[in-house]
There are 2 protein chains.
Amino acid sequence: MTHYNFYIFVCRIRYFCLVLKKKSLSDIRFDPNQFVPGHSVDCVIIGFDREGLKVLVMKWKGPEMFCLPGGFVLVDEDLDKAAIRVLKERAGIELPFLEQFSTFGRVDRRDDFTLAHNLKTIKLPESTMQWFEQRFITTGFVSLVDMSKCDPNPDLMSESIGWYGIDELPNLIFDHRSIVKAAVQYLRNQINYLPIGITLLPEKFTMKELQHLYESILEKKLDRGNFQRKMLKLGIFNRHEKHWEGGAHKAPYLYSFDTEKYQNLLEKGIGFVS
Amino acid sequence: MTHYNFYIFVCRIRYFCLVLKKKSLSDIRFDPNQFVPGHSVDCVIIGFDREGLKVLVMKWKGPEMFCLPGGFVLVDEDLDKAAIRVLKERAGIELPFLEQFSTFGRVDRRDDFTLAHNLKTIKLPESTMQWFEQRFITTGFVSLVDMSKCDPNPDLMSESIGWYGIDELPNLIFDHRSIVKAAVQYLRNQINYLPIGITLLPEKFTMKELQHLYESILEKKLDRGNFQRKMLKLGIFNRHEKHWEGGAHKAPYLYSFDTEKYQNLLEKGIGFVS
DNA sequence: ATTATAATGTGTCATAAATACACAATAAAT
DNA sequence: ATTTATTGTGTATTTATGACACATTATAAT
């Protein structure tokens with residue numbers, strides 16, 4: 001282990017000890033030297049239920065401020081690994097893979113001074129204040145998750161964490177609202193040529209749920225019969241037993257997503273021109 | 001003008017004076033304080049001619065090193081504006097809009113030490129060395145240009161600038177080769193659902209040229225008749241007079257891209273599902 | 001001048017896909 | 001037993017795709 005790596009190692013140990021011991025927002029210290037200055041990551045974790053698309057949003061301890069789970073990049077850490085770690089530390093969610101969708105680098109992207117103002121009221125040390133006051137360029141990462149399999153927990157800096165409807169977001173700090181919008185737009189573009197989004201559903205799902213998901217992302221109604229046929233013709237689903245939900249109607253089949261068949265489809269290619 | 005802004009102003013003036021006066025690489029000084037630390041931009045400018053897709057690449061003065069036109073972000077400058085300025089300063093090309101496609105943040109992305117080594121041989125001041133030795137996260141920007149309308153000129157740090165075939169790149173520093181590959185992959189994904197790339201061609205072009213462009217990006221042969229019909233059915237082209245090039249064959253029509261019709265098409269939407 | 005050549009614009013036709021709508025099947029409520 | 005809401009699938013029409021053909025056109029070769 002080199003001298004430099006040892007230094008990093010000590011920094012991180014110190015950091016984790018602090019995080020584990022302290023409880024209140026103003027008690028939390030952290031050493032800015034362990035982080036890459038000026039760059040952050042923000043995670044847009046998207047879920048889906050009967051009501052539509054949801055985003056995972058945190059609330060700070062104390063002030064009435066909401067934000068995306070985000071954080072900083074360790075000096076010895078790849079950018080995409082930082083996103084994975086930050087999500088784990090701040091939201092308690094472990095995802096093996098997050099997809100980068102855009103980097104936000106406007107000078108005025110943090111010109112909402114709510115956070116800075118609130119941090120002042122809780123009297124943080126000068127070095128911490130300076131850290132938060134610097135300009136940050138942030139890279140947005142997105143992931144689609146099965147909400148029922150996801151148990152988010154707020155970190156020590158946060159009072160709560162929860163799912164908010166994509167059109168019912170609370171007041172997010174900085175440009176976090178436009179980061180969410182950009183993530184959803186990114187999805188909408190993707191879905192036009194790839195049957196993504198299946199990870200938003202539970203393992204087994206009905207065609208109606210899948211259609212509802214597509215309608216939520218595309219924001220338009222689709223024909224039921226044609227949707228079903230088109231999806232099944234992709235050949236990436238397995239049909240399972242029927243599913244009763246307790247309604248005065250016929251029971252629908254359950255389907256699951258077949259990763260292997262999906263790989264075959266990708267290799268075949270889905271193109272705009274022949 | 002605030003005290004802070006005045007400081008920035010002075011920095012920039014000093015910087016430009018230095019750049020304009022000095023000639024040799026080791027004479028060039030710059031003040032790292034005017035830049036955001038740790039973040040850079042790199043431009044992948046893509047052109048197209050009979051031989052296929054080309055990328056704009058610069059060669060350093062002295063050492064046998066090639067790189068993308070890239071640079072740093074001023075402290076009072078938006079990230080996308082930085083890309084536009086850097087391209088202007090380094091390549092002499094003015095483009096009003098560059099498209100961000102990905103951010104590269106691996107710790108080891110600059111672990112090719114050619115540049116650092118070569119900078120040492122020309123004895124730069126310590127502050128400059130430290131600046132170049134820090135970790136950089138870089139955001140890649142891409143633009144498709146009409147090569148015939150583009151007259152690149154190397155800046156004072158560079159010996160030459162030129163177009164290189166996408167499969168005949170010289171040895172690029174750092175991860176610049178994978179940045180180019182990522183940009184081309186980005187294009188390939190885009191073209192699957194949007195008729196982009198028209199900006200790579202001159203104002204008026206033949207269907208054969210357009211088809212050749214598509215074949216270059218998609219790396220596969222397309223049927224001539226079907227390609228022509230599909231493109232014309234999009235309704236985004238205007239037909240003009242015929243064009244003689246001096247060959248033993250029928251003269252083809254010239255076409256131009258109609259921005260307004262294209263907007264209509266976008267509003268109508270081009271979707272994977274109905 | 002005539003013929004050959006190479007590339008272009010467009011046509012044809014079989015096949016596949018998309019769209020709009022219909023109808024029987026099913027399970028629970030009445 | 002009947003009604004109701006919802007599901008799986010069918011059908012008929014329209015539209016798109018893919019492979020190939022053929023006439024057209026400007027130049028080159030003879």
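Naming convention: chains lettered A, B, ... in sequence-line order (proteins, then strands); numbering from 1 in each chain.
- Distance Met207(B) CE to dA7(C) C1': 16 Å, rounded to the nearest Å.
- Atom CZ of Arg224(B) is separated from atom P of dC22(D) by 14 Å (rounded to the nearest Å).
- Here dC21(C) presents its P atom at 19 Å from CZ of Phe227(A), a figure rounded to the nearest Å.
- OP1 or OP2 of dT9(D) has at least one side-chain nitrogen or oxygen of Arg239(A) nearer than 4.0 Å.
- Distance NE2 (His212(A)) to C1' (dT7(D)): 18 Å, rounded to an integer number of Å.
- When the P atom of dA12(D) is taken as reference, atom CG of Asn226(A) falls 16 Å away, rounded to whole Å.
- Of the side-chain N and O atoms in Lys230(A), one or more sit less than 4.0 angstrom from OP1 or OP2 of dT19(C).
- With hydrogens and angles left out, the side chain of Asp223(A) and the base of dA18(C) share no donor-acceptor pair within 3.5 Å.
- The CG-P distance, from Leu210(B) to dG9(C), rounds to 12 Å in whole Å.
- A salt bridge links Arg188(B) with Glu219(B): the closest approach of a Lys/Arg side-chain nitrogen to an acidic carboxylate oxygen falls below 4.0 angstrom.
- Ring geometry for Tyr164(B) against Phe66(B) counts as perpendicular: the plane angle is over 60°, on a 0 to 90° scale with 30° as the lower cut.
- One interatomic measurement links the two molecules: NE2 of His240(B) to P of dG9(C), which rounds to 14 Å at whole-angstrom precision.
- Checked against dT12(C), dG8(D), dT11(D), the side chain of Arg229(B) finds its nearest nucleotide in dT12(C).
- Checked against dA7(C), dA26(D), dG8(D), the side chain of Pro252(A) finds its nearest nucleotide in dG8(D).
- Remark: P of dT9(D) and CG of Leu232(A) are 8 Å apart, rounded to the nearest angstrom.
- The side chain of Lys233(B) places no N or O atom within less than 4.0 Å of a non-bridging phosphate oxygen (OP1 or OP2) of dT15(D).
- Taking the six-membered ring for Trp and the full ring otherwise, the centers of Phe205(A) and Tyr255(A) sit at least 6.0 Å from each other.
- Looking at Lys59(A) and Glu159(A), a side-chain N of the basic residue comes within less than 4.0 Å of a carboxylate O on the acidic one, giving a salt bridge.
- Taking the six-membered ring wherever Trp is involved, the centroid distance between the rings of Tyr262(A) and Phe257(A) falls below 6.0 Å.
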